[in-house]
Amino acid sequence: MGRDQTLVVVGAGLAGIRACESARRASHEGPIVLVGDEPHLPYDRPPLSKAMLVAPDDAQVDVQLRPASVLEDELGVRVLTSTTALALDTERRNLHTTGGDLGYDELIIASGATARRLPEDRKYSGILALRTLDDARRVRKALSNRARVVVIGAGFIGSEIASAARKLGAAVTIVESAPAPLIRSLGTQIGALCADLHRDHGTDLRLDTTITAIHPRDDAEPDADGRYPVGAVELSDGTTLHADVVVAGIGASPSTAWLKNSGVQLHHRDGGVMCDEHLAAVDETGAAIAHVWAAGDVAHWPNPLFDRTMRLEHWTSAADQGALAARNALAAPEDRRPYSTVPYFWSDWYETRIQFVGVPQAEEVLVQHRRDERGGTVALYRAGQRLIGVLTIGRPDLIMKYRRLVAGSATFQEGVDFGAAS
Ligand SMILES: Cc1cc2nc3c(=O)[nH]c(=O)nc-3n(C[C@H](O)[C@H](O)[C@H](O)COP(=O)(O)OP(=O)(O)OC[C@H]3O[C@@H](n4cnc5c(N)ncnc54)[C@H](O)[C@@H]3O)c2cc1C
């Protein structure tokens with residue numbers, strides 16, 4: 001792109017900021033505009049469900065990804081906070097926002113995902129979800145007075161919130177509709193191992209259970225918005241739990257309402273942006289839309305390493321995709337690179353780090369070490385002869401070595417041999 005050409009990035013999160021940095025690294029000299037609907041400069045989300053919830057105040061945890069001076073002065077990025085993208089016209093190359101229209105030469109969609117919330121949160125106070133910095137502040141405040149906490153969903157975010165609440169001395173119940181935590185991410189067998197972590201730390205984990213009703217606290221007055229404080233939840237197993245706080249950890253959906261009618265193909269189930277292997281957004285026919293790219297939690301793309309299309313909600317892929325989408329946007333067509341990766345995520349439960357590389361759709365899962373002499377667990381995932389995934393619990397020293405094995409298409413036996421020697 002030439003000197004005067006404008007790169008517009010929608011979404012001032014991790015993928016968005018990495019796109020801006022990468023564009024400057026690729027010697028883009030033209031204007032860069034970063035459009036974000038939150039009032040904050042880009043910040044990091046992982047600490048929001050971990051350190052931030054147990055810290056006495058914000059000063060103890062620095063979540064900012066780059067200070068304003070670096071963003072504006074060093075990187076020369078014009079950051080439009082509290083500005084929402086409303087519509088995209090790919091023919092005229094125009095982005096319509098709450099702050100007016102922005103023309104672009106290249107545009108990157110990095111609008112991430114939005115937490116699903118319970119409909120009752122409009123009726124009762126104390127029903128929360130956690131996606132944003134402001135959400136985290138609300139959850140921290142609610143947990144601070146040794147509340148009785150009910151977490152809905154034993155996924156990563158729900159489990160981390162439960163861990164933080166236990167650290168703060170709260171009585172915590174997790175209500176999970178599936179027979180084990182994390183079945184979609186790790187499979188049933190390993191989900192059951194993760195369940196033990198909750199039980200070992202005094203969290204009451206109700207599996208195969210749903211919430212059937214939510215009730216306000218007896219004799220309570222409504223707040224200024226007319227909402228009554230939550231008081232109890234009824235469960236499908238017939239029990240009623242007293243609750244001062246209910247936190248929904250029930251997943252997130254791609255933030256793409258603004259792309260309706262843009263011609264960008266949205267995933268038939270979750271509404272994410274469909275991309276080609278270079279992270280170019282595609283139209284309904286599957287053809288790349290000129291000058292429009294996507295990255296991060298919002299993007300589905302065909303991962304050549306696993307021969308399937310996927311959308312990840314992981315820190316590492318959001319950062320890497322942001323950087324590559326910008327690089328590809330600025331490169332000549334013959335210099336564009338496909339995005340190929342071994343998915344990686346981590347999650348911190350209590351004092352333990354859970355890490356996973358690869359994909360979990362396995363024919364066999366072998367738990368090779370269970371609470372070994374270092375207290376660690378390692379499980380290997382097999383499809384055909386291939387090692388397709390590895391989970392470690394409490395063995396952060398091993399996970400990147402396994403990631404290299406999976407990336408190199410190692411056989412399952414090579415994974416077993418490596419595990420026996422380590
Ligand atoms: C609480 C929490 C903890 C996590 N912990 C881990 C972890 O331990 N390990 C791990 O691997 N991953 C973790 N993740 C996942 C990781 O943080 C995400 O994958 C990553 O933040 C995604 O980055 P993104 O830039 O794609 O999207 P986001 O971070 O969601 O950023 C998108 C931004 O775009 C904005 N936006 C949306 N729509 C519009 C619009 N129309 N106009 C303007 N702006 C818009 C959003 O408000 C948001 O600010 C965690 C996520 C959360 C929420």
Side-chain angles (χ1 to χ4, degrees), residues 8-20 33-53 61 63 65 79-88 95-99 102 107-116 128-140 155-161 163-164 185 247-249 251-260 262 271-273 279 294-300 311-323 325 341 343-349 353-357 396 399:
V8 170
V9 180
V10 180
L14 177 65
I17 196 165
R18 288 290 188 268
C20 299
V33 187
L34 181 60
V35 181
D37 60 0
E38 295 189 61
H40 312 289
L41 290 177
Y43 58 84
D44 214 13
R45 292 186 199 273
L48 302 184
S49 49
K50 306 176 182 67
M52 176 120 187
L53 296 184
V61 189
V63 293
L65 284 167
V79 189
L80 303 179
T81 51
S82 302
T83 304
T84 305
L86 298 173
L88 177 66
L95 178 73
H96 182 51
T97 80
T98 49
L102 286 169
L107 179 128
I108 296 174
I109 300 166
S111 47
T114 309
R116 288 189 207 111
L128 305 169
L130 206 179
R131 176 81 197 179
T132 67
L133 182 56
D134 296 335
D135 289 337
R137 289 176 176 147
R138 278 189 284 271
V139 174
R140 179 175 63 197
F156 291 112
I157 307 275
S159 294
E160 290 188 346
I161 294 166
S163 307
S185 307
V247 193
S253 308
S255 310
T256 53
W258 62 282
L259 289 168
K260 267 186 196 145
S262 66
V273 173
L279 302 175
D297 285 10
V298 80
H300 289 264
R311 182 178 75 81
L312 303 173
E313 292 184 3
H314 305 338
W315 192 96
T316 309
S317 43
D320 292 348
Q321 287 182 352
T341 192
Y344 163 65
F345 65 77
W346 79 94
S347 185
D348 295 335
W349 297 18
R353 176 153 287 197
I354 298 172
Q355 290 164 295
F356 184 79
V357 290
I399 197 72

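Numbers here are sequence positions counted from 1. Bear in mind that the values here come from a model prediction, so they are computed numbers and not experimental data. Ligands are counted one by one from 1 in listed order, and the atoms in each one are counted from 1 as well.
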Let me see the working for Thr84 and Thr97 under side-chain contact (heavy atoms from CB on, under 4.5 Å), right down to the final yes or no.
CA-CA 5 Å; Thr84 305; Thr97 80; over 6 Å; no
Within a distance under 4.0 Å of any heavy atom of Ser49, pick out the atoms of ligand 1 and give their elements.
1 (C), 2 (C), 3 (C)
For Thr316, is at least one N or O under 3.5 Å away from an N or O on ligand 1?
no
So if I apply the side-chain hydrogen bond (donor to acceptor under 3.5 Å, both in side chains) rule between His40 and each of Thr81, Thr132, Asp134, which one comes out positive?
Asp134
Counting only nitrogen or oxygen atoms and a 3.5 angstrom limit, does Glu38 reach ligand 1?
yes
Just how far is it from atom CZ of Phe156 to atom CD1 of Ile354, taken to the nearest 0.5 Å?
6.5 Å
Looking at Phe345, which atoms of ligand 1 are within less than 4.0 Å of one of its heavy atoms?
11 (O)
What do you reckon, does Ala318 have a nitrogen or oxygen under 3.5 Å from a nitrogen or oxygen of ligand 1?
no
Is the shortest side-chain N to carboxylate O distance from Arg45 to Asp135 below 4.0 Å?
no
Which heavy atom of the protein is the closest neighbour of atom 21 (O) of ligand 1, given with residue, atom name and distance?
Arg45 CD, 3.7 Å
Can you tell me which portion of Ala113 lies within the under-4.0 Å heavy-atom range of ligand 1? Options are side chain, backbone, both, or neither.
backbone
Kindly indicate whether the side chain of Val79, heavy atoms from C-beta on, has any atom under 4.5 Å from the side chain of Val35.
no
If you measure from each non-hydrogen atom of Ala115 to ligand 1, which part falls under 4.0 Å: side chain, backbone, both or neither?
neither
Given side chains that start at C-beta, do those of Arg18 and Gln321 come closer than 4.5 Å, heavy atoms only?
no
Which atoms of ligand 1 are found less than 4.0 Å from any heavy atom of Gly296?
26 (O)
Check whether any side-chain heavy atom of Trp315 sits under 4.5 Å from a side-chain heavy atom of Tyr344, and report yes or no.
no
Below 4.0 Å from any atom of ligand 1, is there a heavy atom belonging to Lys50?
yes
Tell me which protein heavy atom sits closest to atom 44 (N) of ligand 1, plus the residue, atom name and distance to 0.1 Å.
Asp37 N, 3.1 Å
For ligand 1, the portion of Trp258 having any non-hydrogen atom under 4.0 Å away:
side chain
Atom 11 (O) of ligand 1: nearest protein contact (heavy atom, Å):
Trp315 N, 3.2 Å
Ser317-Thr341 side chain donor-acceptor pair, cut-off 3.5 Å
no
Under-4.0 Å heavy-atom contact with ligand 1, by part of Ile157 that carries it
side chain
Carboxylate-amine/guanidinium contact Asp348 Lys50, below 4.0 Å
no
Taking all non-hydrogen atoms of both residues, which atom of Arg131 and which atom of Asp297 are closest, and how far apart?
NH2-OD2, 2.9 Å
Of all the non-hydrogen atoms in the protein, which one sits nearest to atom 34 (O) of ligand 1, and at what distance?
Gly11 CA, 3.2 Å
At a 4.0 Å cut-off, with the gap strictly under it, does some heavy atom of Thr83 reach an atom of ligand 1?
yes
Of all protein heavy atoms, the one nearest atom 19 (O) of ligand 1 is Asp297 OD1, 2.7 Å
Taking distance alone, with N or O pairs closer than 3.5 Å, would you say Ser255 contacts ligand 1?
no
Is Leu48 close to Tyr43 at the side-chain level, that is, under 4.5 Å between some pair of heavy atoms?
yes
Under 3.5 Å between any N/O of Val10 and any N/O of ligand 1: does that happen in this structure?
no
Output, in order, the C-alpha distance, side-chain angles, deciding distance and verdict of side-chain contact (heavy atoms from CB on, under 4.5 Å) for Ser82 and Glu38.
CA-CA 5 Å; Ser82 302; Glu38 295 189 61; over 6 Å; no
To the nearest 0.1 Å, how far is atom 9 (N) of ligand 1 from its closest protein heavy atom, and which atom is that?
Trp346 O, 2.9 Å
Do Ser347 and Trp349 have side-chain atoms, one donor and one acceptor, less than 3.5 Å apart?
yes
How far is atom 41 (N) of ligand 1 from its nearest protein heavy atom, and which residue and atom name does that atom have?
Ala85 O, 3.1 Å
For atom 25 (O) of ligand 1, the protein heavy atom that lies nearest, with its residue and separation:
Ala15 N, 2.9 Å
